[in-house]
Amino acid sequence: MPEVPAPNEAVDDPVETAQQVLPVLVDMPFHGALDSTLSYLGPALPPGSLVRAPLGHREVLGLVWDAPSDDLVAPGQTLRALLGTLDPLPPLPLAWRRLVRFAASYYQRSLGEMALSVLPPELRKLDPASLTRRLRRKGGLGSAPAPTDAPQTAARPEPTEDQAQALAQLAALQAREPGGTALLLGVTGSGKTEVYLRRAEEALAQGRQVLVLVPEINLTPQLEARLRDRFPGRLLVTQHSGLTPAQRLRHWLAAHLGQADLVLGTRMAVFSPLPRLGLIVVDEEHDASYKQQEGARYSARDLAVYRGRLEGVPVLLGSATPSLESWRHAQQGRYALVPMRQRVGQGALPQVRLVDMTQQPQAPRGQEPPPLAAPVLAALRERLERGEQSLLFLNRRGFAPVLHCPACQWKSDCPHCSAWRVFHKLDRTLRCHHCGFSDRVPRACPSCGNPDIQPVGRGTERLEEQIGQWLPGVRVARIDADSTRLKGTLEQQLSAVHAGEVDILVGTQMVTKGHDFRRITLVVAVNPDGALFTTDFRGPERLFATLMQAGGRAGRDAEAAARSELWIQTWNPAHALFQSLRRHDYESFAAAQLAEREMAGLPPYSHLALLRVEARTPEAAQDFLALARRDAMAWVEAQAAEVTVYPPVPPYLARVAGLERRQMLLESGSRPALQALLRDWLPGLRGLRAQTPGVARWALDVDPLGI
DNA sequence: AGCACGCCGACT
DNA sequence: GTCGGCGTGCTC
């Protein structure tokens, strides 16, 4: 191996086949420092080139970076030579590299981990020769359809007045500020998708690529179908974790090579390299799924906005119930607010009825109250008589959330978690929903032998059973994570609902998203109060969005819309959230929530970072955070920075799968101050682990969704 | 994070 | 005498 005089200097010898020292990123989290490249010898390659690099005893995928930084290579150290270049591929473009650089520094991950983790995994296995073969075959796209002679845009409906206005507003915005973000506020059924399609059409007509992000791809086959219908002559590819590794690579290549016109995908798609990017759409922008919950915990929605600004490309965020972060940006004029207040086709939103559960007759002593109040049952019967369908929304699967022994007060706890085990009657198990621990339900109390142990509370299994008893002969279907575990059963159950083979559908959150039920005219939120009083400050925001979305399942057929209803069983009918919901008034809800957040100094009025740790003992977890807190507080004092470092606390679930969890919150009104603290603090955290044996893992979450 | 090397128990 | 447990340490 050749000797080099010093790192990071090109070897100035043209005879020596112009070997240079190249800064290369590999997938290594260990280089905690934010900017860290490894130095290799190789031919002159532009930044963004993908290479094969020797690393220890293996050969890994590497990415030539723009500049070396923080490199610990010693002067005179022998550098190894790159093993090859994936040169049939164009280098990843500057805009892509800048996005990765920002994400790595903002979410405090190493550049190498960030960059390599957002490339298709299959790319790691590719050597230059097999890549060349792959690209040569079928023009590089395998089974993807080649551009056809079909019209590039199919017939499209006349925009409604709302849509026309929104489109005019968006066109004006784009002319004024090409990299600007617009927030499209439109209730379910207001025709947001048509606005996306029109904007996409325009970008496509200018020869640009369109990136469409959705929270979960399996919930949005309609959107994919509509894009394909509307743009039959264009190449659309998807990007999500459900693809096989080969498909994902093929789709990614189509995007990167500029062959794909439309990329539709989940959060990972925000990192698709798109040489002709012209528009980014983020549908249901409030959805928590946009936040990655492991590894680099990025928010794809926030990165989409950043990317738009970076590339001078418009970003369109759409929601009926925007995140309060986006809403505040719109209020401040940082995002353009584009309201769409009418449902298409004069369809009315479902009427919201609050059922005051405190006014319902009390159940006899010792008996549990019936699951549905008398007026709700009457409303259900009415639908049955009219041959319409109803949806009972209960966000709790299983038969009962806990079993209880009235004699000795035993409860069905989980031996590994600080949680109850849920009674699943169908397979007679007690299951922990957090660690998966499961065994047969005991015949008698395991503590005192009392044979009369009782279910407490109600899940979807029990509700399904009780409905059958209350309304004999009714056809009930249950859709939740348990009933749809087998592949294809969800589709099967949904088609039974669509075919009218079901009168009442019982379901969890799963059924509230995306599905276009035409015959449902009644939605009942059976027990939504829990979310009102959670410790999570975003609980109300999520509940409001969920109930609006659930209500949106009713009356999707314009003819039935007039008599569609959303009933809410609540012990807190006066709660401001329900009062806003009754009027479908997102704006009053948001105003009230923002006032509360401002008083409490919570986002979007402050910025948060959360350090979480899991350890074998509470002491180890506590010690780790205590040391971390000491360092953070020392930094804050030295810098006289406005950052609050809160004491460590147990999270809602303090023990999961035998590991003790603790967390510590950092809060600041200034994002730069918080970022500066994180940047200086994190390298030291990696060393702390050695001082606190028993720590299994720790993670920093910037802009956490739940605290 | 992988994937080595390294130093002590039950097997062909 | 070997196969293999996962404890520490390195990777341009």
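These numbers come from the heavy atoms of this one structure, side chains and all, not from hydrogens, waters or symmetry mates. So you know, we letter chains A, B, ... as the sequences are listed, proteins then strands, and number each from 1.
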Q. Under 3.5 Å, is there a donor-acceptor pair between the E285(A) and S326(A) side chains?
A.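 Yes.
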(Q) Quick test of your reading: applying ring pair (Phe, Tyr, Trp, His ring centres under 6.0 Å), list the pairs with at least one residue in residues 104-131 of chain A, sequence neighbours left out, ordered by first then second residue. (A) F102(A)-Y106(A)
Calculate the interatomic distance between [X] atom [atom1] and [N] atom [atom2]; express it in whole Å.
X       : N       : atom1 : atom2 : result
L116(A) : dA1(B)  : CG    : P     : 15 Å
D27(A)  : dT11(C) : CG    : C1'   : 13 Å
Y40(A)  : dT11(C) : OH    : P     : 11 Å
M28(A)  : dA4(B)  : CE    : C1'   : 13 Å
L25(A)  : dC12(C) : CG    : P     : 15 Å
E59(A)  : dA4(B)  : CD    : C1'   : 18 Å
R80(A)  : dC12(C) : CZ    : P     : 5 Å
W698(A) : dA1(B)  : CH2   : C1'   : 14 Å

Return all side-chain donor-acceptor pairs below 3.5 angstrom for residues 642-657 of chain A, not counting sequence neighbours, or 'none' if the list is empty.
{"unit_1": "Y646(A)", "atom_1": "OH", "unit_2": "E667(A)", "atom_2": "OE1", "d": "3.3"}
{"unit_1": "R655(A)", "atom_1": "NH2", "unit_2": "P415(A)", "atom_2": "O", "d": "2.5"}

Q: Identify whether any heavy atom of P23(A) sits under 4.0 Å from a base atom; if not, whether one sits that close to sugar-phosphate; answer base, sugar-phosphate or nothing.
A: nothing
**Q.** Residue H57(A), side-chain atoms from C-beta onward, closest of dC12(C), dG2(B), dA4(B)
**A.** dA4(B)
Q. Counting N and O atoms only, with roles assigned by atom type, does the side chain of S668(A) sit under 3.5 Å from a partner on the main chain of S670(A), one being a donor and the other an acceptor?
A. yes
